[in-house]
Amino acid sequence: MTTIAFIGLGNMGNPMAANLVKAGHTVLGFDLVPENLDVAREHGITVAADAASAVKEADVVITMLPAGKHVLSVYDDIAPKAKKGALLIDCSTIDVDSARKAHAIAQKHGHASVDAPVSGGTGGAAAGTLTFMAGGSDEAFARAEPVLKPMAGRIVHCGGDGSGQAAKICNNMILGISMIGVAEAFVLAEKLGLSHQALFDVASTSSGQCWSLTSYCPVPGPVSASPANKDYKPGFAAALMLKDLKLSQEAAQAAGAATPLGAEATQIYGLFNAQGNAGVDFSGIINFLRGKTG
Ligand code: NAD
């Protein structure tokens, strides 16, 4: 079994690291927040004094951090201290440019590296059913795949360095746009006197079918597990959706891609967040749209 250092034991990192322990790996963990370290100990993770001590003996280092600047600062700290030839896997959702810089830091110090952001949220992290989108060389991916397996439902090798992040922001741009589309259809249906269930029954088996409708329906009732049934408690918070949409727009601008609906979705989620909804599930956007209808 492998010795794995896990840096960033927040909402996602802690349950992910717990699944690595369950699979028989030795996990050395570190986070800046003491409460998260208490939870980690309960999961059987050995808590280290700092990130550098966690990585010293590890064959694999996994990071699950908020944004690109955190990943680069941790990589600058740990890459010189990790075992020669260690495998560094960053599972955070960050911009493609920072992801490529993180690969460069790792490789400069003789390590293999993979960017492997996830989809599936805290539920998928706890259940070990996350989808991993991996970027890196064939050799690095071959080493990463068995490590990711206990945390994964699906693992897709998307291409070279940064490709995992590229896939993640493209996917989440679809998600942000499609959730607004589904929410708009329910708001229109309400105005037209059509019941939520009737629209769901038709659209879920017609050409309007999509994940935002059938797995994450933004009105209570048709899909019992959706956050709409729990007063829009996340799930996937609007702040995280806005973060991912902004990443998609930065990437679109840098690459010269036209994404007009992605830009509009970013603006709508920006307003929704600014109205005090950062901690609300992103499907709560339906209430923002209701508020705008005359
Ligand atoms: P979180 O804020 O709960 O966890 C991040 C953790 O990183 C925090 O506990 C923080 O203390 C720690 N941290 C920050 N700087 C550190 C440092 N220098 N050393 C050690 N620890 C440090 O966030 P999360 O929800 O776990 O998300 C983590 C990443 O996963 C983000 O990039 C997010 O966009 C992505 N993501 C989240 C979800 C979700 O549903 N929450 C889903 C998919 C992807």
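Just so you know, ligand 1 is whichever comes first in the structure, and atom 1 is the first atom listed for that ligand. One-based numbering along the sequence shown. Basis for what follows: all heavy atoms, side chains included, without hydrogens, waters or symmetry-related copies.
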Distance-only donor-acceptor hits, side chain of residues 119-139, under 3.5 Å, sequence neighbours excluded:
from, atom 1, to, atom 2, distance (Å)
Ser137, OG, Glu139, OE1, 3.4
Ser137, OG, Ala140, N, 3.1

### Query
Taking 4.0 angstrom as the limit, do Arg41 and Asp38 come out as a salt bridge?
yes

### Message
Side chains of Ser53 and Asp50: any donor to acceptor distance under 3.5 Å?
### Response
yes

Quick one: ligand 1 N/O to protein N/O pairs below 3.5 Å?
from, atom 1, to, atom 2, distance (Å)
ligand 1, 3 (O), Asn11, N, 2.9
ligand 1, 3 (O), Asn11, ND2, 3.3
ligand 1, 9 (O), Asp31, OD1, 3.2
ligand 1, 9 (O), Asp31, OD2, 2.7
ligand 1, 9 (O), Asn36, ND2, 2.9
ligand 1, 11 (O), Asp31, OD1, 2.7
ligand 1, 26 (O), Asn11, N, 3.3
ligand 1, 26 (O), Met12, N, 2.9
ligand 1, 32 (O), Leu65, O, 2.9
ligand 1, 32 (O), Pro66, O, 3.1
ligand 1, 32 (O), Thr93, N, 3.0
ligand 1, 32 (O), Lys243, NZ, 2.9
ligand 1, 34 (O), Lys243, NZ, 2.8

### Query
For Val74 and Leu65, which heavy atoms make the closest approach, and how far apart are they?
CG2-CD1, 3.7 Å

### Query
Of all residues at least two apart in sequence or in a different chain, which pass the salt bridge (Lys or Arg N to Asp or Glu O under 4.0 Å) check with Lys243?
none

Going by atom type alone, with no hydrogens or angles, which donor-acceptor pairs under 3.5 Å involve a side-chain atom of residues 274-286 and a protein atom two or more places apart or on another chain?
from, atom 1, to, atom 2, distance (Å)
Asn277, ND2, Phe272, O, 3.0
Asp281, OD1, Tyr216, OH, 2.7
Asp281, OD1, Phe236, N, 2.9
Asp281, OD2, Ser283, N, 2.9
Asp281, OD2, Ser283, OG, 2.6

